[in-house]
Amino acid sequence: MTQKNSFYLRVFDVVRLIPHGRVTSYGAIAAYLGARSSSRLVGWAMNASHGELPPVPAHRVVNRNGDLSGKAHFSSPERMKELLENEGVQVVNDRVINFDEVFWDPVSLGY
DNA sequence: TGAATGACTCGAT
DNA sequence: GATCGAGCCATTC
């Protein structure tokens, strides 16, 4: 099964770098890894992040539209929204309304 | 080995 | 402005 030694670890690392109360997009992570075209792999990696330690804040990862696309994959769809709101991220209709303000781009920040 | 999948993104209509 | 289709890449069956 997963050889947890590849892309996944890299994705997990970046996601764990997301500051508290911030969110990022799959494309941003993929771009940071130098694989902007592999945005789908980021989502795939998230699928494998379940049960990872330390826990991967996948709830801080949303799609380009700021939509909680992965909420369905959480223990409960509401869990993702709860976690985000708990961190100060305003989520309405499963969407980050202030996405521009809480968006965290590792590439732009020079990570 | 080949084919299928996926929590995405971009471009075109 | 919204909707549809194609591309892309790593992992899995």
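Residue numbers begin at 1 in each chain, while the letters A, B, ... track the order of the sequences. Note that the coordinates shown come from a computational prediction; the quantities given were computed from them, not determined experimentally.
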**Complete:** Here the distance between atom C1' of C/dC8 and atom CH2 of A/Trp44, to the nearest Å, is 14 Å
**Prompt:** Looking only at atom types and distance, does a side-chain atom of A/His50 sit under 3.5 Å from a main-chain N or O of A/His73, one as donor and one as acceptor?
**Reply:** yes
**Item:** Trace of the side chain to side chain contact (heavy atoms under 4.5 Å, CB included) decision for A/Met46 with A/Val15
**Value:** CA-CA 9 Å; A/Met46 298 273 91; A/Val15 175; 3.6 Å; yes
**Asked** Going 5' to 3' on DNA chain B, which nucleotide is the first and which the last to come under 4.0 Å of a heavy atom in chain A?
**Response** B/dT5 to B/dC10
**Request:** Would you classify A/Ala72 as touching base, sugar-phosphate or nothing, given that sugar-phosphate means primed atoms plus P, OP1 and OP2, and contacts are heavy atoms under 4.0 Å?
**Result:** nothing
**Request:** Summarise protein proximity over nucleotides 1-7 of chain C in one line of letters, 5' to 3': B for base, S for sugar-phosphate only, - for none, counting protein heavy atoms closer than 4.0 Å.
**Result:** ------B
**Complete:** For A/Ser49 and A/Phe12, the nearest pair of non-hydrogen atoms, with its separation, is CB-CE2, 3.2 Å
**Prompt:** With a 4.0 Å cut-off on heavy atoms, is A/Asn63 in touch with a base, just the backbone sugar-phosphate, or nothing at all?
**Reply:** sugar-phosphate
**Fill in**
side-chain contact (heavy atoms from CB on, under 4.5 Å) test vs A/Val61 passes for just one of A/Ile18, A/Val56, A/Val23, A/Leu68, namely A/Ile18
**Item:** A/Ser25 side-chain N/O to A/Ala28 backbone N/O, donor-acceptor pair under 3.5 Å
**Value:** yes
**Message:** Using only atom types and a distance under 3.5 Å, with no angle test, would you say the side chain of A/Asn93 pairs donor to acceptor with the backbone of A/Arg95?
**Reply:** no
**Message:** Run the side chain to side chain contact (heavy atoms under 4.5 Å, CB included) test on A/Trp104 and A/Leu17 for me, step by step, so that the C-alpha distance in whole Å, both residues' side-chain angles and the decisive distance to 0.1 Å come before the verdict.
**Reply:** CA-CA 10 Å; A/Trp104 180 80; A/Leu17 283 172; 3.8 Å; yes
**Item:** Heavy-atom closest pair, residues A/Ala48 and A/Tyr8
**Value:** CB-CE2, 3.5 Å
